[in-house]
**Student:** 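This structure is in C-alpha coordinates; I'll ask about it shortly.
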Protein chains: 2
Amino acid sequence: MTALPNRDRRSERREATRLEIVDAAWRVAREDGLAAVTLREIGRLVGMQAPSLYSHFPSKNAIYDAMFGQAWQQIVTWFDDRPPMPSAPRRALLWLAEGFFDFAVADVARYQLMNRAAVPGFQPSEDAYAHSVAAYGRMRDVLRAAGVRRAADLDLWTAITGGAVDQQLANEPDGTRWRRQLARLVDMFADEVGVAGPKLRRAR
Amino acid sequence: MTALPNRDRRSERREATRLEIVDAAWRVAREDGLAAVTLREIGRLVGMQAPSLYSHFPSKNAIYDAMFGQAWQQIVTWFDDRPPMPSAPRRALLWLAEGFFDFAVADVARYQLMNRAAVPGFQPSEDAYAHSVAAYGRMRDVLRAAGVRRAADLDLWTAITGGAVDQQLANEPDGTRWRRQLARLVDMFADEVGVAGPKLRRAR
DNA sequence: GTCTATATTCTGATAGAC
DNA sequence: GTCTATCAGAATATAGAC
(Lines give C-alpha, C1' and ligand atoms only; values in the text may rest on other atoms or scores of the structure.)
Protein backbone atom coordinates (compact mmCIF):
# COMPACT_ATOMS: atom_id res chain seq x y z
CA MET A 1 0.00 0.00 0.00
CA THR A 2 1.30 3.44 -0.90
CA ALA A 3 2.00 5.87 1.93
CA LEU A 4 -0.16 9.03 1.89
CA PRO A 5 1.95 12.01 2.96
CA ASN A 6 -0.03 14.78 4.63
CA ARG A 7 1.65 17.35 2.43
CA ASP A 8 1.67 17.07 -1.30
CA ARG A 9 4.69 19.09 -2.35
CA ARG A 10 3.77 18.72 -6.00
CA SER A 11 0.33 20.24 -5.72
CA GLU A 12 1.66 22.95 -3.42
CA ARG A 13 4.11 23.96 -6.11
CA ARG A 14 1.34 23.81 -8.67
CA GLU A 15 -0.86 26.09 -6.64
CA ALA A 16 2.02 28.52 -6.16
CA THR A 17 2.50 28.70 -9.91
CA ARG A 18 -1.19 29.38 -10.43
CA LEU A 19 -0.97 32.26 -7.97
CA GLU A 20 2.09 33.61 -9.76
CA ILE A 21 0.15 33.62 -13.01
CA VAL A 22 -2.86 35.40 -11.52
CA ASP A 23 -0.54 37.92 -9.87
CA ALA A 24 1.09 38.65 -13.20
CA ALA A 25 -2.33 39.12 -14.80
CA TRP A 26 -3.21 41.67 -12.10
CA ARG A 27 0.01 43.55 -12.74
CA VAL A 28 -0.81 43.82 -16.44
CA ALA A 29 -4.38 44.90 -15.70
CA ARG A 30 -3.27 47.58 -13.24
CA GLU A 31 -0.59 48.88 -15.58
CA ASP A 32 -2.36 48.87 -18.94
CA GLY A 33 -5.99 48.01 -18.28
CA LEU A 34 -8.05 44.83 -18.30
CA ALA A 35 -8.16 44.67 -22.08
CA ALA A 36 -4.36 44.56 -22.24
CA VAL A 37 -4.22 41.27 -20.37
CA THR A 38 -2.97 38.75 -22.93
CA LEU A 39 -1.46 35.33 -22.49
CA ARG A 40 1.77 36.51 -24.11
CA GLU A 41 2.10 39.37 -21.65
CA ILE A 42 1.32 37.19 -18.65
CA GLY A 43 3.83 34.66 -19.93
CA ARG A 44 6.46 37.35 -20.30
CA LEU A 45 6.04 38.41 -16.67
CA VAL A 46 6.20 34.91 -15.23
CA GLY A 47 9.02 33.83 -17.56
CA MET A 48 7.00 31.36 -19.59
CA GLN A 49 5.89 31.04 -23.16
CA ALA A 50 2.20 31.77 -23.58
CA PRO A 51 1.11 28.22 -24.46
CA SER A 52 2.69 26.90 -21.26
CA LEU A 53 -0.01 28.70 -19.29
CA TYR A 54 -2.42 26.09 -20.53
CA SER A 55 -0.76 23.61 -18.20
CA HIS A 56 -2.20 25.66 -15.32
CA PHE A 57 -5.40 27.19 -16.66
CA PRO A 58 -7.69 25.66 -19.27
CA SER A 59 -8.43 29.03 -20.90
CA LYS A 60 -7.89 32.73 -20.58
CA ASN A 61 -11.35 33.10 -19.10
CA ALA A 62 -10.31 30.74 -16.30
CA ILE A 63 -7.63 33.26 -15.38
CA TYR A 64 -10.18 36.07 -15.33
CA ASP A 65 -12.36 33.84 -13.22
CA ALA A 66 -9.63 33.35 -10.63
CA MET A 67 -9.05 37.11 -10.59
CA PHE A 68 -12.76 37.78 -10.14
CA GLY A 69 -12.99 35.44 -7.17
CA GLN A 70 -9.84 36.92 -5.61
CA ALA A 71 -11.15 40.46 -5.95
CA TRP A 72 -14.36 39.71 -4.06
CA GLN A 73 -12.41 37.93 -1.35
CA GLN A 74 -10.13 40.95 -1.10
CA ILE A 75 -12.93 43.39 -0.38
CA VAL A 76 -13.90 41.30 2.63
CA THR A 77 -10.30 41.29 3.85
CA TRP A 78 -10.16 45.01 3.17
CA PHE A 79 -12.94 45.70 5.63
CA ASP A 80 -11.53 43.22 8.14
CA ASP A 81 -8.21 45.07 8.09
CA ARG A 82 -9.85 48.44 8.73
CA PRO A 83 -10.62 49.94 12.12
CA PRO A 84 -13.76 48.16 13.34
CA MET A 85 -17.18 49.41 12.38
CA PRO A 86 -18.32 52.24 14.68
CA SER A 87 -21.50 51.57 16.61
CA ALA A 88 -23.19 54.91 15.89
CA PRO A 89 -25.39 54.23 12.84
CA ARG A 90 -24.34 57.20 10.74
CA ARG A 91 -20.69 56.60 11.56
CA ALA A 92 -21.16 53.00 10.49
CA LEU A 93 -22.62 54.11 7.16
CA LEU A 94 -19.72 56.47 6.56
CA TRP A 95 -17.31 53.70 7.49
CA LEU A 96 -18.93 51.49 4.85
CA ALA A 97 -19.05 54.19 2.18
CA GLU A 98 -15.44 55.23 2.67
CA GLY A 99 -14.22 51.65 2.81
CA PHE A 100 -15.99 50.83 -0.43
CA PHE A 101 -14.81 54.02 -2.10
CA ASP A 102 -11.18 53.54 -1.10
CA PHE A 103 -11.21 49.91 -2.17
CA ALA A 104 -12.52 50.85 -5.61
CA VAL A 105 -10.11 53.72 -6.15
CA ALA A 106 -7.12 51.72 -4.90
CA ASP A 107 -7.29 49.44 -7.95
CA VAL A 108 -9.51 50.53 -10.79
CA ALA A 109 -8.94 47.44 -12.90
CA ARG A 110 -10.01 45.28 -9.99
CA TYR A 111 -13.14 47.34 -9.45
CA GLN A 112 -14.03 47.10 -13.13
CA LEU A 113 -13.59 43.34 -13.23
CA MET A 114 -15.84 42.91 -10.18
CA ASN A 115 -18.73 44.59 -11.89
CA ARG A 116 -20.27 42.82 -14.79
CA ALA A 117 -19.60 43.24 -18.49
CA ALA A 118 -16.13 44.70 -17.98
CA VAL A 119 -14.49 42.01 -20.09
CA PRO A 120 -16.40 41.08 -23.24
CA GLY A 121 -17.41 37.44 -23.15
CA PHE A 122 -16.38 36.83 -19.56
CA GLN A 123 -18.92 35.32 -17.19
CA PRO A 124 -17.82 34.27 -13.73
CA SER A 125 -18.22 30.63 -12.73
CA GLU A 126 -20.64 29.71 -9.99
CA ASP A 127 -17.79 29.29 -7.52
CA ALA A 128 -16.33 32.70 -8.25
CA TYR A 129 -19.75 34.28 -8.23
CA ALA A 130 -20.38 32.85 -4.77
CA HIS A 131 -17.57 35.04 -3.43
CA SER A 132 -19.36 38.13 -4.72
CA VAL A 133 -22.61 37.04 -3.10
CA ALA A 134 -20.81 36.53 0.21
CA ALA A 135 -19.14 39.94 0.08
CA TYR A 136 -22.34 41.66 -0.90
CA GLY A 137 -24.04 39.98 2.04
CA ARG A 138 -21.44 41.38 4.40
CA MET A 139 -22.07 44.90 3.15
CA ARG A 140 -25.80 44.42 3.50
CA ASP A 141 -25.25 43.36 7.11
CA VAL A 142 -23.68 46.72 7.85
CA LEU A 143 -26.66 48.55 6.40
CA ARG A 144 -28.97 46.28 8.34
CA ALA A 145 -27.12 47.02 11.56
CA ALA A 146 -27.69 50.71 10.86
CA GLY A 147 -31.40 50.07 10.47
CA VAL A 148 -31.59 50.07 6.68
CA ARG A 149 -33.69 47.18 5.46
CA ARG A 150 -36.11 48.20 2.72
CA ALA A 151 -35.09 47.04 -0.75
CA ALA A 152 -35.73 50.51 -2.15
CA ASP A 153 -33.43 52.01 0.48
CA LEU A 154 -30.67 49.59 -0.49
CA ASP A 155 -31.10 50.71 -4.10
CA LEU A 156 -30.72 54.30 -2.95
CA TRP A 157 -27.50 53.35 -1.18
CA THR A 158 -25.93 51.59 -4.16
CA ALA A 159 -26.83 54.48 -6.44
CA ILE A 160 -25.24 57.03 -4.14
CA THR A 161 -22.03 55.21 -3.25
CA GLY A 162 -21.54 53.70 -6.71
CA GLY A 163 -22.20 57.10 -8.25
CA ALA A 164 -19.55 58.79 -6.14
CA VAL A 165 -17.00 56.16 -7.10
CA ASP A 166 -17.86 56.29 -10.80
CA GLN A 167 -17.64 60.07 -10.96
CA GLN A 168 -14.31 60.04 -9.17
CA LEU A 169 -12.85 57.45 -11.51
CA ALA A 170 -14.26 59.04 -14.66
CA ASN A 171 -13.31 62.64 -13.95
CA GLU A 172 -10.41 62.68 -11.56
CA PRO A 173 -9.01 59.18 -11.02
CA ASP A 174 -6.25 60.29 -8.68
CA GLY A 175 -8.12 62.95 -6.71
CA THR A 176 -10.54 63.16 -3.81
CA ARG A 177 -13.25 65.49 -5.13
CA TRP A 178 -16.10 63.03 -4.71
CA ARG A 179 -14.61 61.31 -1.71
CA ARG A 180 -14.89 64.59 0.14
CA GLN A 181 -18.66 64.51 -0.50
CA LEU A 182 -19.22 61.14 1.15
CA ALA A 183 -20.17 62.50 4.55
CA ARG A 184 -22.76 64.77 2.96
CA LEU A 185 -24.10 61.94 0.86
CA VAL A 186 -24.39 59.72 3.92
CA ASP A 187 -26.22 62.43 5.83
CA MET A 188 -28.63 62.95 2.95
CA PHE A 189 -29.24 59.23 2.76
CA ALA A 190 -29.62 58.82 6.52
CA ASP A 191 -32.11 61.67 6.71
CA GLU A 192 -34.15 60.23 3.86
CA VAL A 193 -34.38 56.66 5.10
CA GLY A 194 -34.69 57.61 8.75
CA VAL A 195 -31.39 56.57 10.30
CA ALA A 196 -31.11 58.09 13.74
CA GLY A 197 -28.22 60.04 15.17
CA PRO A 198 -26.66 63.49 14.80
CA LYS A 199 -25.56 64.75 11.39
CA LEU A 200 -21.98 63.92 10.38
CA ARG A 201 -21.65 67.43 9.04
CA ARG A 202 -23.46 70.45 10.34
CA ALA A 203 -26.11 71.91 8.01
CA ARG A 204 -25.07 74.69 5.64
CA MET B 1 -15.12 82.79 -64.66
CA THR B 2 -16.74 79.65 -63.34
CA ALA B 3 -20.27 79.91 -62.02
CA LEU B 4 -20.60 79.15 -58.29
CA PRO B 5 -23.84 77.27 -57.67
CA ASN B 6 -25.31 77.80 -54.23
CA ARG B 7 -25.82 74.08 -53.84
CA ASP B 8 -23.01 71.61 -54.28
CA ARG B 9 -24.77 68.37 -55.14
CA ARG B 10 -21.50 66.45 -54.97
CA SER B 11 -20.65 67.40 -51.42
CA GLU B 12 -24.26 66.92 -50.39
CA ARG B 13 -24.09 63.34 -51.63
CA ARG B 14 -20.76 62.92 -49.86
CA GLU B 15 -22.16 64.13 -46.60
CA ALA B 16 -25.15 61.82 -46.96
CA THR B 17 -22.82 58.85 -47.38
CA ARG B 18 -20.88 59.86 -44.28
CA LEU B 19 -24.13 59.93 -42.33
CA GLU B 20 -25.07 56.51 -43.68
CA ILE B 21 -21.77 55.13 -42.43
CA VAL B 22 -22.14 56.62 -38.96
CA ASP B 23 -25.71 55.35 -38.81
CA ALA B 24 -24.52 51.85 -39.64
CA ALA B 25 -21.86 52.10 -36.94
CA TRP B 26 -24.56 53.03 -34.42
CA ARG B 27 -26.66 50.05 -35.45
CA VAL B 28 -23.73 47.71 -34.86
CA ALA B 29 -22.97 49.33 -31.50
CA ARG B 30 -26.57 49.08 -30.33
CA GLU B 31 -26.89 45.48 -31.46
CA ASP B 32 -23.59 43.97 -30.36
CA GLY B 33 -21.80 46.60 -28.31
CA LEU B 34 -19.21 49.26 -29.04
CA ALA B 35 -16.39 46.75 -29.24
CA ALA B 36 -18.15 44.91 -32.05
CA VAL B 37 -17.95 47.93 -34.35
CA THR B 38 -15.55 46.88 -37.12
CA LEU B 39 -14.98 48.38 -40.51
CA ARG B 40 -16.02 45.13 -42.17
CA GLU B 41 -19.33 45.08 -40.30
CA ILE B 42 -20.06 48.72 -41.08
CA GLY B 43 -19.24 48.03 -44.71
CA ARG B 44 -21.59 45.08 -44.76
CA LEU B 45 -24.46 47.25 -43.53
CA VAL B 46 -23.90 50.06 -46.01
CA GLY B 47 -23.17 47.71 -48.91
CA MET B 48 -19.51 48.59 -49.28
CA GLN B 49 -16.25 46.78 -48.90
CA ALA B 50 -14.41 47.80 -45.76
CA PRO B 51 -11.52 49.62 -47.50
CA SER B 52 -13.99 51.85 -49.34
CA LEU B 53 -14.86 53.47 -46.04
CA TYR B 54 -11.47 55.14 -46.15
CA SER B 55 -12.79 57.33 -48.96
CA HIS B 56 -15.08 58.91 -46.37
CA PHE B 57 -13.23 58.64 -43.07
CA PRO B 58 -9.46 58.70 -42.61
CA SER B 59 -9.54 56.09 -39.83
CA LYS B 60 -11.81 54.08 -37.62
CA ASN B 61 -11.29 56.55 -34.81
CA ALA B 62 -12.67 59.28 -37.06
CA ILE B 63 -15.93 57.32 -37.20
CA TYR B 64 -16.02 57.04 -33.41
CA ASP B 65 -15.32 60.76 -33.31
CA ALA B 66 -18.33 61.54 -35.49
CA MET B 67 -20.47 59.28 -33.31
CA PHE B 68 -19.23 60.99 -30.16
CA GLY B 69 -20.11 64.43 -31.50
CA GLN B 70 -23.53 63.25 -32.67
CA ALA B 71 -24.34 61.74 -29.30
CA TRP B 72 -23.69 64.97 -27.44
CA GLN B 73 -25.75 66.90 -29.96
CA GLN B 74 -28.54 64.38 -29.51
CA ILE B 75 -28.82 64.92 -25.79
CA VAL B 76 -29.47 68.61 -26.42
CA THR B 77 -32.15 67.74 -28.98
CA TRP B 78 -33.54 65.21 -26.51
CA PHE B 79 -34.24 67.90 -23.96
CA ASP B 80 -35.53 70.31 -26.59
CA ASP B 81 -38.07 67.69 -27.68
CA ARG B 82 -39.34 67.13 -24.16
CA PRO B 83 -42.09 69.08 -22.45
CA PRO B 84 -40.51 72.36 -21.40
CA MET B 85 -38.70 72.67 -18.10
CA PRO B 86 -41.13 73.32 -15.23
CA SER B 87 -40.59 76.55 -13.35
CA ALA B 88 -40.85 75.07 -9.86
CA PRO B 89 -37.24 74.36 -8.86
CA ARG B 90 -37.70 70.81 -7.62
CA ARG B 91 -39.85 69.96 -10.61
CA ALA B 92 -37.09 71.34 -12.83
CA LEU B 93 -34.52 69.13 -11.13
CA LEU B 94 -36.70 66.06 -11.59
CA TRP B 95 -37.23 67.03 -15.22
CA LEU B 96 -33.45 67.13 -15.68
CA ALA B 97 -32.81 63.90 -13.83
CA GLU B 98 -35.49 61.96 -15.66
CA GLY B 99 -34.46 63.37 -19.01
CA PHE B 100 -30.85 62.38 -18.44
CA PHE B 101 -31.81 58.96 -17.13
CA ASP B 102 -34.12 58.17 -20.03
CA PHE B 103 -31.58 59.36 -22.57
CA ALA B 104 -28.92 57.09 -21.10
CA VAL B 105 -31.14 54.04 -20.86
CA ALA B 106 -32.57 54.54 -24.36
CA ASP B 107 -29.20 53.70 -25.94
CA VAL B 108 -26.57 52.19 -23.69
CA ALA B 109 -23.85 52.09 -26.32
CA ARG B 110 -24.35 55.79 -26.96
CA TYR B 111 -24.16 56.56 -23.24
CA GLN B 112 -20.96 54.54 -22.92
CA LEU B 113 -19.29 56.27 -25.84
CA MET B 114 -20.12 59.69 -24.41
CA ASN B 115 -18.22 58.97 -21.24
CA ARG B 116 -14.51 58.60 -21.48
CA ALA B 117 -12.45 55.45 -21.77
CA ALA B 118 -15.29 53.41 -23.28
CA VAL B 119 -13.28 52.60 -26.39
CA PRO B 120 -9.60 51.80 -25.78
CA GLY B 121 -7.40 54.29 -27.55
CA PHE B 122 -10.19 56.63 -28.59
CA GLN B 123 -9.87 60.31 -27.71
CA PRO B 124 -12.40 62.77 -29.11
CA SER B 125 -11.16 65.59 -31.31
CA GLU B 126 -11.44 69.16 -30.11
CA ASP B 127 -14.44 69.76 -32.35
CA ALA B 128 -16.31 66.73 -31.06
CA TYR B 129 -15.36 67.53 -27.49
CA ALA B 130 -16.82 71.01 -27.91
CA HIS B 131 -20.25 69.45 -28.36
CA SER B 132 -19.93 67.76 -24.98
CA VAL B 133 -18.92 71.02 -23.34
CA ALA B 134 -21.93 72.74 -24.87
CA ALA B 135 -24.33 70.05 -23.73
CA TYR B 136 -22.87 69.97 -20.24
CA GLY B 137 -23.29 73.75 -20.08
CA ARG B 138 -26.96 73.38 -20.92
CA MET B 139 -27.47 70.96 -18.06
CA ARG B 140 -25.61 73.24 -15.69
CA ASP B 141 -27.94 76.06 -16.72
CA VAL B 142 -30.91 74.05 -15.48
CA LEU B 143 -29.25 73.50 -12.13
CA ARG B 144 -28.37 77.16 -11.97
CA ALA B 145 -31.97 78.13 -12.68
CA ALA B 146 -32.97 75.94 -9.74
CA GLY B 147 -30.51 77.80 -7.55
CA VAL B 148 -27.70 75.25 -7.52
CA ARG B 149 -24.37 76.95 -8.06
CA ARG B 150 -21.68 75.63 -5.76
CA ALA B 151 -19.16 73.35 -7.43
CA ALA B 152 -19.50 70.84 -4.60
CA ASP B 153 -23.25 70.77 -5.11
CA LEU B 154 -22.80 70.05 -8.80
CA ASP B 155 -20.55 67.14 -7.85
CA LEU B 156 -23.28 65.86 -5.59
CA TRP B 157 -25.73 66.05 -8.49
CA THR B 158 -23.54 64.15 -10.94
CA ALA B 159 -22.84 61.46 -8.36
CA ILE B 160 -26.52 60.94 -7.65
CA THR B 161 -27.90 60.99 -11.18
CA GLY B 162 -24.95 59.14 -12.71
CA GLY B 163 -25.15 56.57 -9.93
CA ALA B 164 -28.81 55.87 -10.57
CA VAL B 165 -28.15 55.37 -14.27
CA ASP B 166 -25.13 53.14 -13.69
CA GLN B 167 -26.95 50.91 -11.23
CA GLN B 168 -29.90 50.56 -13.56
CA LEU B 169 -27.71 49.61 -16.51
CA ALA B 170 -25.51 47.26 -14.50
CA ASN B 171 -28.22 45.38 -12.65
CA GLU B 172 -31.45 45.63 -14.61
CA PRO B 173 -30.84 47.20 -18.02
CA ASP B 174 -34.46 46.93 -19.15
CA GLY B 175 -36.20 47.78 -15.87
CA THR B 176 -37.14 50.86 -13.89
CA ARG B 177 -35.96 49.97 -10.39
CA TRP B 178 -33.62 52.95 -10.03
CA ARG B 179 -35.70 55.27 -12.20
CA ARG B 180 -38.46 54.94 -9.62
CA GLN B 181 -36.06 56.35 -7.01
CA LEU B 182 -35.32 59.55 -8.91
CA ALA B 183 -37.95 61.68 -7.15
CA ARG B 184 -36.60 60.58 -3.77
CA LEU B 185 -33.04 61.28 -4.87
CA VAL B 186 -34.01 64.73 -6.09
CA ASP B 187 -35.77 65.50 -2.81
CA MET B 188 -32.72 64.37 -0.85
CA PHE B 189 -30.49 66.51 -2.99
CA ALA B 190 -32.79 69.53 -2.87
CA ASP B 191 -33.03 69.34 0.92
CA GLU B 192 -29.28 69.11 1.27
CA VAL B 193 -28.33 71.99 -1.03
CA GLY B 194 -31.27 74.17 0.02
CA VAL B 195 -33.51 74.20 -3.04
CA ALA B 196 -36.86 75.69 -2.06
CA GLY B 197 -40.28 74.24 -2.72
CA PRO B 198 -42.46 71.41 -1.44
CA LYS B 199 -41.19 67.85 -1.48
CA LEU B 200 -41.86 65.87 -4.65
CA ARG B 201 -42.79 62.90 -2.50
CA ARG B 202 -44.28 63.08 0.95
CA ALA B 203 -42.01 61.95 3.76
CA ARG B 204 -42.20 58.33 4.92
C1' DG C 1 5.56 21.05 -17.37
C1' DT C 2 7.64 23.65 -20.76
C1' DC C 3 9.03 24.23 -25.22
C1' DT C 4 8.58 25.32 -30.56
C1' DA C 5 5.73 25.47 -34.32
C1' DT C 6 1.53 26.31 -36.13
C1' DA C 7 -3.57 26.68 -36.91
C1' DT C 8 -7.19 29.87 -37.06
C1' DT C 9 -9.30 34.03 -36.93
C1' DC C 10 -9.71 38.68 -36.58
C1' DT C 11 -8.30 43.47 -36.80
C1' DG C 12 -7.14 48.30 -39.10
C1' DA C 13 -4.94 49.91 -42.89
C1' DT C 14 -2.56 50.41 -47.69
C1' DA C 15 -1.66 49.72 -52.90
C1' DG C 16 -3.15 50.02 -57.13
C1' DA C 17 -6.51 48.72 -60.95
C1' DC C 18 -10.70 50.53 -62.88
C1' DG D 1 -15.29 56.41 -55.21
C1' DT D 2 -15.30 51.61 -55.12
C1' DC D 3 -13.18 47.47 -55.90
C1' DT D 4 -9.76 43.27 -55.11
C1' DA D 5 -5.75 41.76 -53.10
C1' DT D 6 -2.86 42.00 -49.49
C1' DC D 7 -0.08 43.52 -45.50
C1' DA D 8 1.23 43.42 -40.81
C1' DG D 9 0.04 42.35 -36.54
C1' DA D 10 -2.48 40.70 -32.84
C1' DA D 11 -5.18 37.31 -30.36
C1' DT D 12 -6.50 32.37 -28.25
C1' DA D 13 -5.73 27.88 -28.66
C1' DT D 14 -3.77 23.12 -30.15
C1' DA D 15 -0.17 19.44 -31.49
C1' DG D 16 3.55 17.12 -30.47
C1' DA D 17 8.67 16.84 -29.24
C1' DC D 18 11.46 16.65 -25.12
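Only a predicted model underlies this, so the values are computations on that prediction, with no experimental measurement involved.
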**Student:** Pull out every residue in residues 33-41 of chain A that has a heavy atom closer than 4.0 Å to any atom of DNA chain D, ordered by number, or say none.
**Tutor:** Val37(A), Thr38(A), Leu39(A), Arg40(A)

**Student:** Could you tell me how far apart Tyr64(B) (OH) and dG12(C) (C1') are, to the nearest whole angstrom?
**Tutor:** 11 Å

**Student:** Which label fits Phe100(A) and Tyr111(A): parallel for a plane angle under 30°, tilted from 30 to 60°, or perpendicular past 60°?
**Tutor:** perpendicular

**Student:** Write out all pairs satisfying salt bridge (Lys or Arg N to Asp or Glu O under 4.0 Å) with one or both partners inside residues 118-146 of chain A, taking only residues at least two apart or from two chains.
**Tutor:** Asp80(A)-Arg138(A)

**Student:** Listed by chain and number, what are the salt bridge (charged side-chain N to carboxylate O under 4.0 Å, His left out) partners of Arg27(B), not counting sequence neighbours?
**Tutor:** none

**Student:** Please report, rounded to the nearest Å, how far the P atom of dA10(D) is from the NZ atom of Lys60(A).
**Tutor:** 14 Å

**Student:** Quick test of your reading: applying ring-ring contact (aromatic ring centres under 6.0 Å, His included), list the pairs with at least one residue in residues 38-60 of chain B, sequence neighbours left out, ordered by first then second residue.
**Tutor:** none

**Student:** In whole Å, I'd like the distance from the CZ atom of Arg44(A) to the C1' atom of dA10(D).
**Tutor:** 16 Å

**Student:** Going by the rule side-chain contact (heavy atoms from CB on, under 4.5 Å), which residues pair with Gln70(A) if we only count those two or more places apart in sequence or in a different chain?
**Tutor:** Leu19(A), Val22(A), Trp26(A), Gln74(A)

**Student:** Can you give me every donor-acceptor pair (side chain of residues 38-51 of chain A, partner residue at least two apart or in another chain, under 3.5 Å) with its distance?
**Tutor:**
unit_1	atom_1	unit_2	atom_2	d
Thr38(A)	OG1	Glu41(A)	N	3.2
Glu41(A)	OE1	Arg44(A)	NE	3.4
Glu41(A)	OE2	Arg44(A)	NE	3.4
Glu41(A)	OE2	Arg44(A)	NH2	2.9

**Student:** Specify the separation, in whole Å, of atom OH of Tyr54(A) and atom C1' of dT6(C).
**Tutor:** 14 Å

**Student:** Residues in side-chain hydrogen bond (donor to acceptor under 3.5 Å, both in side chains) with Gln112(B), at least two apart?
**Tutor:** none

**Student:** Looking at residues at least two apart in the chain, or sitting in another chain, which of them share a ring pair (Phe, Tyr, Trp, His ring centres under 6.0 Å) with Phe79(A)?
**Tutor:** Trp95(A)

**Student:** For the helix from dG1(C)-dC18(D) to dC18(C)-dG1(D), what is the angle between the axes at its two ends, each from 5 pairs, rounded to 10°?
**Tutor:** 10°

**Student:** Just how far, in rounded Å, is P of dA11(D) from CG of Leu53(A)?
**Tutor:** 13 Å

**Student:** How would you list all residue pairs meeting salt bridge (Lys or Arg N to Asp or Glu O under 4.0 Å) that involve residues 155-177 of chain A, not counting sequence neighbours?
**Tutor:** Asp155(A)-Arg177(B), Arg177(A)-Asp155(B)

**Student:** For Glu15(A), what residues pass the salt bridge (charged side-chain N to carboxylate O under 4.0 Å, His left out) criterion, not counting sequence neighbours?
**Tutor:** Arg18(A)

**Student:** Could you check whether any side-chain N or O of Lys60(A) sits under 3.5 Å from a backbone N or O of Val37(A), counting only pairs where one atom can act as donor and the other as acceptor?
**Tutor:** yes

**Student:** Take the protein atom CD1 of Ile42(A) and the nucleotide atom P of dA13(D), then report the distance between them rounded to whole Å.
**Tutor:** 11 Å

**Student:** Detail all sub-3.5 Å separations between protein N/O atoms and N/O atoms belonging to nucleotides 1-5 of chain C.
**Tutor:**
unit_1	atom_1	unit_2	atom_2	d
dG1(C)	OP1	Arg14(A)	NH1	3.0
dT2(C)	OP2	His56(A)	NE2	2.6
dC3(C)	OP2	Gln49(A)	N	2.8
dC3(C)	OP2	Ser52(A)	OG	2.6

